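Bear in mind that the values here come from a model prediction, so they are computed numbers and not experimental data.
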2 protein chains.
Amino acid sequence: MPPADDQPAAGPVRSARRQQTESAILEAALDVFAVDGFRGATLDRIAERAGMSKPNLLYYFASKDDVHARLLGDLLDHWLAPLRGIDPAGEPVEEILRYVRRKLAMSRDYPRESRLFAGEIIAGAPRISGFLADGLRPLVDETVGLIRGWIAQGRISPVDPVQLIFSIWALTQHHADFAAQIEIVAPGDRAGDAGAFLDQLYRRLLTP
Amino acid sequence: MPPADDQPAAGPVRSARRQQTESAILEAALDVFAVDGFRGATLDRIAERAGMSKPNLLYYFASKDDVHARLLGDLLDHWLAPLRGIDPAGEPVEEILRYVRRKLAMSRDYPRESRLFAGEIIAGAPRISGFLADGLRPLVDETVGLIRGWIAQGRISPVDPVQLIFSIWALTQHHADFAAQIEIVAPGDRAGDAGAFLDQLYRRLLTP
DNA sequence: GCTGATCCTGACCGGGTGGTCAAATCAAGT
DNA sequence: ACTTGATTTGACCACCCGGTCAGGATCAGC
């Protein structure tokens, strides 16, 4: 049984060795879960990719669900950050463009995380509907209010704020989730092209 | 063993009874594959949902791969149609908007097919990379050429044609693939909103 | 070099997986 | 009613799945 972590001070917070092994497992699990989804992934493949036996993996994580939950938890923290980064006091068009760029950068730098998230949503969001309702939705509502304000002040074009946000998600995550298709259909594509296009697109749409 | 279909004339082309059963299986398989992906789906669940035993399912289809391949094959036929529907002789902005509307309608009417496709791409397109290279890519190249022509003639704004096409795919398919997220974050959302938004977006972007 | 805690593994378990097979059922023509 | 071929299924197989367990390495502190 894994040691309970409710002990006063077990080493340097949780021995560096242990943390390193956990990271290796999560790294391998991300590879597998992102490609095959929760049901399609197997502990054997994750353990093999992490270079250890399955029982050893289960020494660090209680179960398959546990690994998956930890992965999603870590991910969702990062997911909300860009939305929070929009500055209500900033220049509206530039603030939205900055959000688009940050989101695109995340898709470029964390494509596996994006695919993991996408797979979870496609499967009906069985394990993260709570997060979506409690964490994401309020933040979206808030941002929608902010955008409505900007529109009312005539500082950006009148657009449906909800659709605007969805469009940003779709356009940025697409480059991570559908990378395999993009690579085949337009092999020379570089992230820079996408950045320039999105800049152009949203500037045209939003500039009053 | 299933009868070989290389016989001269086996009944009315392939007895209506048989075709009906195959449809029921494919219907059930689409439900399951779209949610769980190829690896995550099981023949037991598909057979159960189709209201028959697993051996009976395997009487109609040779294997799990067979069912999946048939589903993808049927789907990919439909997938290319809208792209082919763009009329080189038409009014550029309207032609592109017509394409966007057709693609959005497909996401609305065939969300499971869209999710099946998305899951396949997320998994690295192991079973359809051939189709993407041989079927989709030439068509995209052709369309890119057409759009470049329109741009050269000054009939639409200068945009990256490849990025334009990707953006249409991303924005339309998003409504099917991420329906679970949309339903939680913005429950009242209706497809009509998306249609109006996309119309506005691409009209602004493309009108010279 | 002894000791205790941590780390790691082979062997195993019950249940699920894709797929097979022989036998039972059904539909339809005669 | 009888025959023939298409359809359906229970029983089964070898293998894989998530997870357990008893015991063997390994390492730190003494």
Side-chain angles (χ1 to χ4, degrees), chain A residues 1-26 28-29 31-33 35-71 123 126-127, chain B residues 1-26 28-29 32-33 35-71 126-127:
Chain A
M1 189 195 298
D5 6 23
D6 50 16
Q7 285 167 357
V13 178
R14 195 189 211 182
S15 90
R17 181 151 170 55
R18 184 179 182 98
Q19 211 149 22
Q20 195 173 335
T21 307
E22 283 184 5
S23 293
I25 293 171
L26 291 172
D31 280 342
V32 176
F33 279 130
V35 169
D36 294 326
F38 180 77
R39 288 197 123 113
T42 75
L43 288 181
D44 289 271
R45 264 208 306 281
I46 296 172
E48 186 190 357
R49 193 177 284 248
M52 70 183 64
S53 64
K54 182 172 60 175
N56 197 25
L57 188 158
L58 286 164
Y59 171 76
Y60 288 94
F61 292 88
S63 66
K64 183 182 180 182
D65 291 78
D66 192 23
V67 182
H68 193 254
R70 171 77 172 274
L71 228 36
R127 292 160 233 280
Chain B
M1 188 193 301
D5 5 26
D6 49 17
Q7 284 166 0
V13 180
R14 197 188 208 182
S15 91
R17 181 155 168 50
R18 185 181 181 95
Q19 212 149 23
Q20 195 172 338
T21 308
E22 283 184 5
S23 293
I25 293 171
L26 290 171
V32 176
F33 278 131
V35 169
D36 294 328
F38 180 77
R39 289 197 123 113
T42 75
L43 288 181
D44 288 272
R45 264 208 307 280
I46 295 171
E48 187 190 358
R49 193 176 285 247
M52 70 184 63
S53 65
K54 181 173 58 174
N56 197 24
L57 188 158
L58 286 164
Y59 170 76
Y60 287 95
F61 292 88
S63 66
K64 183 182 178 181
D65 291 78
D66 192 25
V67 182
H68 193 252
R70 171 79 172 273
L71 227 38
R127 293 160 233 278

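Note on Arg18(B): a side-chain N or O is less than 4.0 Å away from OP1 or OP2 of dT7(D). At the phosphate of dA11(D), neither OP1 nor OP2 sits under 4.0 Å from any side-chain N or O atom of Ser53(B). Put simply, Asn56(B) has no side-chain N or O that comes within less than 4.0 Å of OP1 or OP2 on dT7(D). Dashed line: the shortest gap from a side-chain N or O of Tyr59(B) to OP1 or OP2 of dT8(D) is not under 4.0 Å.
Residues satisfying the salt bridge (charged side-chain N to carboxylate O under 4.0 Å, His left out) test with Lys54(A), not counting sequence neighbours, are Asp44(A). The side-chain contact (heavy atoms from CB on, under 4.5 Å) check on Asp66(B) picks up Phe61(B), Ala62(B), Ser63(B), with sequence neighbours excluded. The salt bridge (charged side-chain N to carboxylate O under 4.0 Å, His left out) test applied to Arg127(A) returns Asp65(A), Glu120(A), not counting sequence neighbours. Taking the side-chain contact (heavy atoms from CB on, under 4.5 Å) definition, one finds that Ala29(B) meets it with Phe33(B), Ile46(B), Val67(B), Leu71(B), sequence neighbours left out. When the side-chain contact (heavy atoms from CB on, under 4.5 Å) test is applied to Ser23(A), no partner is found at least two apart in sequence or on another chain.
Per the geometry, CG belonging to Leu58(B) stands 19 Å off P belonging to dA6(D), to the nearest Å. Rounded to whole angstrom, the span from the CD atom of Glu48(A) across to the P atom of dT9(C) amounts to 13 Å. One interatomic measurement links the two molecules: CG of Leu57(A) to C1' of dC7(C), which rounds to 13 Å at whole-angstrom precision. Rounded to an integer number of Å, the gap from Tyr60(B) OH to dT9(D) C1' is 13 Å. Residue Met52(B) contributes atom CE, which lies 16 Å from atom C1' of dG10(D) at whole-angstrom precision. Between Asp66(B) atom CG and dT20(C) atom P the separation is 12 Å, expressed in whole Å. As rounded to whole Å, 12 Å separates atom P of dT7(D) from atom CD of Gln20(B). The CZ-P distance, from Phe61(B) to dG18(C), rounds to 15 Å in whole Å.
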Requested in this report: Summarise protein proximity over nucleotides 24-29 of chain D in one line of letters, 5' to 3': B for base, S for sugar-phosphate only, - for none, counting protein heavy atoms closer than 4.0 Å.
Outcome: ------
Provide a list of protein-nucleic acid N or O atom pairs under 3.5 angstrom, restricted to nucleotides 12-17 of chain C.
none

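Checked against dT9(C), dT8(D), dG19(C), the side chain of Ser63(B) finds its nearest nucleotide in dG19(C).
Atom CD1 of Ile25(B) sits about 10.0 Å away from atom CG of Leu43(B), to the nearest 0.5 Å.
Of the charged side-chain nitrogens involved, none lies within less than 4.0 Å of a carboxylate oxygen, so that Arg45(A) and Asp31(A) do not count as a salt-bridged pair.
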Query raised in the report: Yes or no on side chain to side chain contact (heavy atoms under 4.5 Å, CB included) for Thr42(B) and Arg39(A), after CA distance, side-chain angles and deciding distance?
Result: CA-CA 10 Å; Thr42(B) 75; Arg39(A) 288 197 123 113; over 6 Å; no
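Contact record, Phe38(A) with His68(A): CD1-CG, 3.4 Å, taken as the closest heavy-atom pair.
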